[in-house]
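First comes the structure, then the notes that go with it.
In what follows, every heavy atom counts, from backbone to side chain, and hydrogens, waters and symmetry copies are set aside. Order of the sequence lines fixes the chain letters, A, B, ..., with proteins taken first and strands second; residue numbering starts at 1 for each chain.
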There are 2 protein chains.
Amino acid sequence: MDKPSSPSRRITIVDVARHAQVSTTAVSKVLRNAYGVSPTMQTKVRQAIAELGYRPNAAARGMRGQTYTIGVMLPNIINPFFAQILDGLTDQLGGTDYQVLLGPGCNGEAEEARVTHAMIDRSMDGMILIAPISARKHLESVASTVPTVVVGRHGHSPTYDTVADDDLTGGALVVNHLADLGHQRIAHIEHHETDPDRLAEMPNAIRAAGYRHAMQARGLADHIDIASTTYTQEGGYLGAQQLLARPTRPTAIFAGADIVAMGVLDAIAEAGLRVPEDISVAGYDNTTFAAFRPISLTSVDQAGYQIGAHAARLLLDRIAARGRPTAQIKLSPTLVPRRSTAPPR
Amino acid sequence: MDKPSSPSRRITIVDVARHAQVSTTAVSKVLRNAYGVSPTMQTKVRQAIAELGYRPNAAARGMRGQTYTIGVMLPNIINPFFAQILDGLTDQLGGTDYQVLLGPGCNGEAEEARVTHAMIDRSMDGMILIAPISARKHLESVASTVPTVVVGRHGHSPTYDTVADDDLTGGALVVNHLADLGHQRIAHIEHHETDPDRLAEMPNAIRAAGYRHAMQARGLADHIDIASTTYTQEGGYLGAQQLLARPTRPTAIFAGADIVAMGVLDAIAEAGLRVPEDISVAGYDNTTFAAFRPISLTSVDQAGYQIGAHAARLLLDRIAARGRPTAQIKLSPTLVPRRSTAPPR
DNA sequence: ATGAAAGCGCTAACAT
DNA sequence: ATGTTAGCGCTTTCAT
């Protein structure tokens with residue numbers, strides 16, 4: 001009979017080894033599905049583990065090998081798009097021994113640095129950074145310490161993999177949809193950006209570029225009209241107010257995100273106008289809110305689930321082979337037309 | 001000049017000690033603000049830490065002492081109410097050395113067990129379980145291993161603290177508001193629950209009880225009418241369809257959650273009825289969606305931020321004094337009347 | 001007030 | 001195929 005020295009002491013690998021009458025090495029190997037264990041050994045050890053209800057101490061494992069933990073940093077937890085990414089991620093990681101832990105509330109570079117550091121301190125085996133706003137340099141530094149995949153940010157790096165939607169195409173999808181309906185005065189509300197790093201890499205900036213390019217391609221260059229605010233409901237509200245006050249009002253507004261579209265709809269209602277009769281509105285992200293029938297907002301679906309799944313796969317790859325060249329995966333968004341867009345009068 | 005043996009080796013406490021010409025014990029004490037360090041020592045060590053950019057290895061700390069990590073388990077990340085709780089939590093923990101990590105995607109008991117185990121394996125210093133659905137027994141077992149606070153679940157335990165809104169009052173707030181407006185046929189859509197544990201402890205069940213009690217108190221016992229579905233948009237849609245098909249249609253529907261109200265509004269629009277002219281609708285949670293002006297949904301605000309702040313404080317208390325008796329904090333929700341409720345015709 | 005040294009639970013060389 | 005053993009980077013007695 002194995003008698004633990006203290007009644008509530010946690011079972012360790014030594015207890016298991018003793019119980020199974022084998023060495024701790026053997027137990028460790030079974031735990032890690034390592035090479036060189038006989039079937040007999042397997043069974044003996046697994047049975048001892050089950051009988052004792054043993055669970056490995058992650059801190060101790062972390063000191064020598066892996067922690068079997070993947071850190072996911074995301075800017076906020078309310079955006080449903082992030083939830084989709086997370087679903088793809090966890091489904092992909094479901095069969096593995098890895099556990100996902102989220103670093104919450106990262107708005108601002110300081111917060112992001114805090115979370116990434118915290119994750120590195122905790123010896124995460126890999127990290128997935130979702131829509132980070134930090135300087136490239138910081139991302140590179142993180143990625144040079146731990147296998148990293150950056151999601152929802154363009155630009156390619158020699159140290160980290162990236163997965164993102166093709167926002168250039170996404171912006172064009174909306175413009176073409178509206179132009180096909182017959183609109184010419186198509187305005188856009190963007191998230192204001194000045195930092196050159198981010199202008200080249202952040203989805204919001206690329207979406208705005210997609211809008212511009214598509215407007216030009218459709219011969220509507222003269223109608224390019226951008227309100228530069230923020231990707232918030234408030235930003236949408238203020239942006240729409242600006243646009244509605246123009247001498248010649250736009251007949252359609254392309255909001256850079258669904259949350260922005262919420263503010264736009266708000267301002268339009270306040271101005272006594274109707275959607276889509278007086279003005280068409282399109283968003284981006286295809287959130288639950290957009291699908292909500294009384295709203296029925298035309299939006300762009302970003303394939304969040306696939307993004308998450310790809311990111312997980314890339315990360316596992318990179319953990320297995322840290323040296324391999326980086327990959328950049330770009331997924332195609334799709335337009336989901338709904339009742340908020342219609343031909344102009 | 002201190003020369004690290006390997007170029008990219010992480011700085012350890014030994015490096016710091018050598019650099020500052022003191023013992024590792026001294027460094028450790030400074031790190032933990034422990035007793036018995038002279039001001040001189042403080043400065044020397046802090047300077048060495050800064051110069052070397054040292055950060056403690058959490059895994060190593062976890063083997064002997066604390067990990068300075070708090071695990072937060074939450075059912076899903078899309079509910080804005082949870083985001084508020086999280087804000088309160090992180091703000092409260094902001095000044096401390098603790099880092100919050102979230103366990104995502106816990107729908108179902110199996111998932112919850114997986115996450116709580118993972119957190120225990122990783123030697124979290126404390127855990128906050130938000131709206132868990134697991135059996136009491138499991139919660140108790142977690143709490144007996146690591147300091148734990150349970151949020152958004154009623155019932156009191158000798159091993160864990162609880163923080164929750166007073167859902168009984170919340171349900172009554174809505175009924176009284178509608179009754180004051182002159183409604184009698186006030187129906188409710190609840191989340192179906194049969195497990196006796198959960199009937200007594202889950203907020204959804206308590207809300208339904210609050211509805212029943214308040215209806216009786218207002219002399220409207222004969223008008224009690226409950227559709228039992230789920231707390232989802234789909235559930236709201238189906239529940240509303242049931243209610244609208246009644247021989248005498250209710251004049252007001254109290255949805256147990258805002259997300260449910262979304263489905264209700266959907267079904268009502270589909271039936272060609274108007275809100276609030278034909279039927280009043282109230283939700284619960286006061287989400288962004290409810291505040292959105294074109295919707296303007298009467299709802300109950302749960303003081304999520306305060307819940308989070310209280311939970312954090314209780315947890316820190318418990319970490320400091322594991323033996324102290326448990327506390328049950330109950331916060332009062334408030335009604336936020338909006339345009340979706342009006343007197344019946 | 002300060003430091004030397006033991007050891008937390010595990011993994012990885014290195015025997016055998 | 002299996003076991004022995006030396007650490008990983010900290011915290012914590014226990015000396016001084």
**OP:** Kindly say whether, by distance alone, the side chain of T24(B) makes a donor-acceptor pair under 3.5 Å with the base of dA4(C)?
**Re:**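 Under the 3.5 Å cut-off, the side chain and the base do not form any donor-acceptor pair.
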Subject >> Check: R64(A) side chain, dG7(D) base, donor-acceptor under 3.5 Å >> reply: yes
Original post:
The side chain of S23(A) lies closest to which of these nucleotides: dA1(D), dT4(D), dT11(C)?
Top reply: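 It is dT4(D).
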**OP:** Compare the minimum distances between each of dT11(D), dC10(C), dT11(C) and the side chain of I13(B), then state the nucleotide with the smallest one.
**Re:** dT11(D)
Original post:
Within the structure, does a side-chain N or O atom of S38(A) lie under 4.0 Å from either OP1 or OP2 of dT2(D)?
Top reply: yes
Subject >> Short N-O contact, D121(B) and R10(A), less than 4.0 angstrom >> reply: yes
Original post:
Do NZ/NE/NH1/NH2 and the carboxylate oxygens of E109(B) and R136(B) come within less than 4.0 Å?
Top reply: no
Original post:
Hey, does the side chain of E112(A) reach the backbone of S134(A) with a donor-acceptor pair shorter than 3.5 angstrom?
Top reply: yes
Original post:
Could you give the OH-to-C1' distance, from Y54(B) to dC10(D), as a whole number of Å?
Top reply: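 Spelled out: OH on Y54(B) to C1' on dC10(D) is 7 Å.
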Counting any heavy atom closer than 4.0 Å, what does [X] reach on the DNA or RNA strands: base, sugar-phosphate only, or nothing?
X: V14(B); value: nothing
X: S28(B); value: base
X: T25(B); value: base

